2 protein chains.
Amino acid sequence: MARDKDFIPEEKIAKALDVFWQKGYNATSMQDLVDAMQINRSSLYNSFGDKHNLFLECLRTYGYLAAQDFESVLKLKDLSPLEMLEKIIDVYVEGTVYDCKCCMGIKSSFELAGDDEEVRRIIKQASDRTIGLFTDLLRRAKEQGEIAEDKNPAVLAHIIFNGFCGWKQSYIQFKDASLIEEMATYTKKHLRN
Amino acid sequence: MARDKDFIPEEKIAKALDVFWQKGYNATSMQDLVDAMQINRSSLYNSFGDKHNLFLECLRTYGYLAAQDFESVLKLKDLSPLEMLEKIIDVYVEGTVYDCKCCMGIKSSFELAGDDEEVRRIIKQASDRTIGLFTDLLRRAKEQGEIAEDKNPAVLAHIIFNGFCGWKQSYIQFKDASLIEEMATYTKKHLRN
DNA sequence: TTTATTTTGGAATGATCGTTTCAGAATGTA
DNA sequence: TACATTCTGAAACGATCATTCCAAAATAAA
């Protein structure tokens, strides 16, 4: 009974996501968002609620995309479970070194997850999904004898996932790509023995 | 020729550090600092410059204290190099689980170090000092045959140090102390073989 | 075409931001 | 005691913050 929006919400969320991703929550102003999304202030509030709500929406989108990114490796045929996991690690290293934008989940976790329960919940959900994927691959690797019998897939999955966090931080600080690669190589080597 | 300050600067820096540590840079207002430091606005600006400068001072203090904290383990006698490193890991795990306040270096790194060169420099300096300590311990452990000949002390030191980052993040998200302990155990086990 | 409903643009809100100003109190030195 | 200098307290600064409001433009359905 009334006119439609002049924009596609998903596209605007993607624009906002870019800004939040780069600057973080607190350092991003509504003016930044209005500029980046190329949308009127009223439309922004009308469609997405306030800043906090918009951020949550962006974080959900990010979590969804990031998890999908990890899972895309599963589609590669002719790879054993362990090889898939190694491929995932390689892809992540590439992303860490190539794109200076740090993982938004990690960044938001340190900035907000301590105080903001909803933020924590969203990040945890995305983490759970990815750690679950890793655990599954490791369990299958164990069944096929690719990794030792005494390894605990769940703990190992957490360690790999958490290693990612450190690699990002290391790269921010040292800007040393080969160091990240060496750490990844070390991690992969210790999966096998 | 004129009156002295009514306060001890180091004490006020410590108060400010607490606030920045907990809330992060952007989420901390000058009003928060005035309240916490129990100091007049003018005195604050007069003694410490602006917000950014005060933050840098706090970060330097933090880095100094954190590095000292790691080094305090060196004073323990009757410990081999590898045992010292294991002790350091244990102490860090305890700190991670006991004190919900995340490492300020890591937090600031993700919030600011990407854009703020001075912040990056300060954090890097503290990291270098601690990673240097770890490297040294690992080198001595290698000399004494505590760790395998094919290990690279420098890379291993980075891996341990970076693992810390992930543990913090994991604890923020999962609040699972035993998970952190298991990850630490795994790390220590893989130092030896 | 009319009507009901929504979007849109832009101005305006009060709150809070980091910072400055300034008069007066305080105090070390001469 | 007198002077020079610094610190202190409180108010005030302009800028920016997130958010709201309202009238006008737009348009889907009746």
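The model shown is predicted, which means the values in this text are computed figures rather than measured ones. Order of the sequence lines fixes the chain letters, A, B, ..., with proteins taken first and strands second; residue numbering starts at 1 for each chain.
Atom NE2 of A:H52 and atom C1' of D:dC17 are 16 Å apart (whole Å). Taking atom CE of residue A:M30 and atom P of nucleotide D:dC17, one finds them 11 Å apart after rounding to whole Å. Rounded to a whole Å, the CZ atom of B:F7 is 8 Å from the P atom of D:dC7. Here the P atom of nucleotide C:dG18 and the CG atom of B:N26 are 9 Å apart, to the nearest Å. Put simply, NZ on B:K51 is 15 Å from C1' on D:dA15, counting in whole angstrom units. When the P atom of D:dA18 is taken as reference, atom CZ of A:F48 falls 17 Å away, rounded to whole Å. Regarding A:Q31, its CD atom lies at a distance of 15 Å from the C1' atom of C:dT13, rounded to whole Å. In this structure, CZ of B:F55 is placed 17 Å from P of C:dC17, rounded to the nearest angstrom.
Using a 30° and 60° split on the angle between ring planes, B:Y186 and B:H190 fall in the parallel class, below 30°. The aromatic rings of A:F70 and A:Y92 sit parallel to each other, their planes meeting at less than 30°, with 60° as the upper class boundary.
Contacts between residues 115-123 of chain B and DNA chain C, counted as heavy-atom distances below 4.0 Å, involve no residue at all. Shown for residues 32-47 of chain A: residues whose heavy atoms fall under 4.0 angstrom of DNA chain D, namely A:R41, A:S42, A:Y45.
The number of heavy atoms from other shown groups lying within 6.0 Å of NZ (A:K15) does not exceed 12. Environment of CG in B:D78: sparse, with no more than 12 heavy atoms of neighbouring residues, nucleotides or ligands closer than 6.0 Å.
In the model, A:S47 has a side-chain atom that pairs as donor or acceptor with a side-chain atom of A:K5 under 3.5 Å. Neither side chain, B:S43 nor B:N46, offers a donor N or O lying under 3.5 Å from an acceptor on the other.
The backbone N or O of B:M104 sits less than 3.5 Å from a side-chain atom of B:Y62, completing a donor-acceptor pair. Panel note: side chain A:S72, backbone A:D69; a donor-acceptor pair is recorded below 3.5 Å.
Cation-pi geometry between B:K51 and B:Y45 is not met at under 6.0 angstrom from the ring centre and within 45 degrees of the axis.
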